[in-house]
Amino acid sequence: MDNLYPYVHLLPNSHLFIFANNKAVMYDHEDNKVIHEYPELLGGPRNYPSAGSSVMLALDGDFKTAVIVICGGAEYGAFIERSTDTPAHGSCGRIIATDPNPVWEMEDMPFGRVMGDMVMLPTGDVLIINGAQSGTQGFGMGSNPCLNPVLYRPDQPIGLRFMTLNPATVPRMYHSTANLLPDGRVLLAGSNPHYLYNFAAEFPTELRLEAFSPEYLSLDRANIRPVIEGIPETVRYGEAFDVFVTVPLPVVGVVEVNFGNAPFATHSFSQGQRLVKLTVTPSVPVDGRYRIKCTAPPNGAVAPPGYYMAFAVNQGVPSVARWVHLVP
């Protein structure tokens, strides 16, 4: 048990980080061999039916470093014992997967959480949302919904990375999802902890959709939110290109241009989710707009070919995305 729906991340060295239960390997999919075994992650099982969730943090700089974060999960044995009220654990492990001698750095979320979703935001922060504080995955196996989202801020020092956000009102447990929208909100859907549709249970089948608005969309930040006025529809690996933005207030500092793909989420994991922070130069005023010189990702290991949401991010506030087709 606890090995289903493993977490798989494509590393920028073209190998795969594969995690199941409490163990991970680096796998060379071209030569079909394991080339590294990571230390065991303590704190309990992390995959179905004890699922926490996982993300690879934003790739940036020289794109040679990949950091994996895995948070939450059910206590060992809760599923086997059919226990719906065993508290979930709230531990998180963070590891530099590309380091020659990687170790897990441990920290704790404000809440224990099983069946949570981890969503990469355009800024590089991570939203942890949905799930339960007790039980496991499975039909009728979760209880005590975890209604408070949590923001994980990877650039903060350990002990200061988690911020508790305003609570939701709709429980979203087994079979719930969370996906980033081009306008910077997060679409929340689902929760069907029953074999069939059941609208009379304590935690009924949920057909309502919600959009969660992160703090960066608050009205007091509207005057620093950029608007992308010009960007190519297609870019090639390593290509230099210009992005033009407008901002109500003068730009202070560097405006980021970040590529986020459009993954799908199921069973508390967003398949193929990644955020790539492009190499950019400081913006320059040109004819009432700001021009940002960007360089596209270098190869398919950093960013597989396909369609990406391109966000301009000014002082932590993202624009509405424009779709860009990244091609070899």
Side-chain angles (χ1 to χ4, degrees), residues 1-7 9 17-24 38-57 67-95 97 102-119 126-154 156 158-165 167-168 171-176 178 191 193 203 265-270:
M1 297 300 292
D2 300 314
N3 296 318
L4 300 182
Y5 297 94
Y7 308 141
H9 298 282
F17 177 93
I18 304 175
F19 182 96
N21 197 324
N22 59 7
K23 297 179 181 179
Y38 294 93
E40 180 179 317
L41 175 58
L42 303 178
R46 309 283 178 164
N47 295 85
Y48 186 98
S50 300
S53 191
S54 175
V55 293
M56 181 171 67
L57 297 180
V67 180
I68 308 295
V69 179
I70 298 174
C71 291
E75 291 294 337
Y76 179 79
F79 181 82
I80 296 174
E81 296 167 4
R82 308 296 292 176
S83 173
T84 63
D85 57 2
T86 299
H89 60 77
S91 64
C92 290
R94 172 169 165 161
I95 195 168
V103 295
W104 290 101
E105 179 184 69
M106 301 303 296
E107 51 195 325
D108 289 308
M109 295 186 289
F111 308 93
R113 191 185 302 254
V114 62
M115 296 181 282
D117 288 283
M118 298 179 74
V119 181
V126 182
L127 178 69
I128 307 173
I129 199 165
N130 297 338
Q133 296 183 72
S134 302
T136 71
Q137 283 184 316
F139 294 116
M141 291 295 293
S143 67
N144 193 11
C146 196
L147 297 176
N148 278 99
V150 171
L151 187 68
Y152 179 77
R153 300 168 294 180
Q156 295 295 314
I158 190 168
L160 298 175
R161 291 174 180 156
F162 293 103
M163 183 170 69
T164 301
L165 305 178
R172 295 192 184 274
M173 300 193 294
Y174 191 44
H175 290 150
S176 60
S191 189
F203 304 113
T266 183
H267 288 75
S268 306
F269 183 61
S270 192

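FYI, side chains are in, hydrogens and waters are out, and symmetry mates aren't considered; it's all heavy atoms of this structure.
By the side chain to side chain donor-acceptor pair (under 3.5 Å) test, Thr136 is found to be paired with no residue, residues two or more places apart in sequence or in another chain being considered. Residues meeting the side-chain contact (heavy atoms from CB on, under 4.5 Å) test with Asn144, sequence neighbours left out: Gln133, Ser134. Partners of Pro149 by side-chain contact (heavy atoms from CB on, under 4.5 Å), not counting sequence neighbours, listed by chain and number: Leu127, Ile129, Leu165, Phe212. With sequence neighbours left out, the side-chain contact (heavy atoms from CB on, under 4.5 Å) criterion links Ala88 to Val114. In this view, Gln156 satisfies the side chain to side chain donor-acceptor pair (under 3.5 Å) rule with no residue, not counting sequence neighbours. Listed by chain and number, the residues in a side-chain contact (heavy atoms from CB on, under 4.5 Å) with Pro102 are His36, Tyr38, Ile95, Asp99 (sequence neighbours excluded). Ser270 pairs by the side chain to side chain donor-acceptor pair (under 3.5 Å) definition with nothing, not counting sequence neighbours. Partners of His175 under the ring pair (Phe, Tyr, Trp, His ring centres under 6.0 Å) rule, at least two apart in sequence or in another chain, are Phe139, His267. For Arg94, the side chain to side chain donor-acceptor pair (under 3.5 Å) criterion is met by Tyr152, not counting sequence neighbours. Residues passing the salt bridge (charged side-chain N to carboxylate O under 4.0 Å, His left out) test with Arg113: none are found, sequence neighbours excluded.
Counting all heavy atoms, side chain and backbone alike, Gly116 lies closest to Ser53 at O-CB, 3.4 Å. Residues Ser54 and His9 approach most closely at OG-NE2, 2.9 Å, considering heavy atoms. Of all heavy-atom pairs between Gly93 and Trp104, the closest is C-CE3, 3.5 Å. Closest heavy-atom contact between Gly142 and Met115: CA-CE, 4.2 Å. Thr84 and Ser143 get closest at one heavy-atom pair: O-OG, 2.6 Å. Nearest heavy-atom pair across Ala97 and Phe17 is CB-CD1, 3.9 Å.
Side-chain atoms of Cys92 and Met106, non-hydrogen and from C-beta on, never get closer than 4.5 Å to each other. No side-chain heavy atom of Tyr174 sits under 4.5 Å from any side-chain heavy atom of Ser191. At a threshold of 4.5 Å between non-hydrogen side-chain atoms, the residues Leu41 and Lys23 do not count as touching. Contact annotation: the side chain of Val103 never approaches that of Glu105 to less than 4.5 Å [non-hydrogen atoms, C-beta and beyond]. A heavy-atom distance below 4.5 Å is not found between the side chains of Gln137 and Ser50. The shortest distance between side-chain heavy atoms of Phe162 and Ile128 falls below 4.5 Å. Looking only at side-chain heavy atoms (C-beta outward), Val55 and Leu57 come within less than 4.5 Å of each other. Taking 4.5 Å as the limit, some side-chain heavy atom of Arg46 sits within range of a side-chain heavy atom of His89.
Ring geometry, Tyr7 versus Phe269: the interplanar angle falls from 30° to 60°, so the pair is classed tilted.
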### Task
Determine, step by step, whether Asn21 and Asn47 satisfy the side-chain hydrogen bond (donor to acceptor under 3.5 Å, both in side chains) criterion, reporting the C-alpha distance in whole Å, the side-chain angles of both residues, the deciding distance to 0.1 Å, and the verdict.
CA-CA 5 Å; Asn21 197 324; Asn47 295 85; over 6 Å; no

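Remark: side-chain polar atoms of Ser176 are paired, donor with acceptor, to backbone N or O of Met173 under 3.5 angstrom.
Applying the salt bridge (Lys or Arg N to Asp or Glu O under 4.0 Å) test to pairs two or more places apart or on separate chains, none has a residue in residues 74-90.
Ring-centre distance between Tyr48 and Tyr5: below the 6.0 Å cut-off.
Expressed to the nearest 0.5 Å, how far CE of Met163 lies from CG of Leu151 amounts to 4.5 Å. Atom CG of residue Leu147 and atom CZ of residue Phe111 lie 9.5 Å apart, to the nearest 0.5 angstrom.
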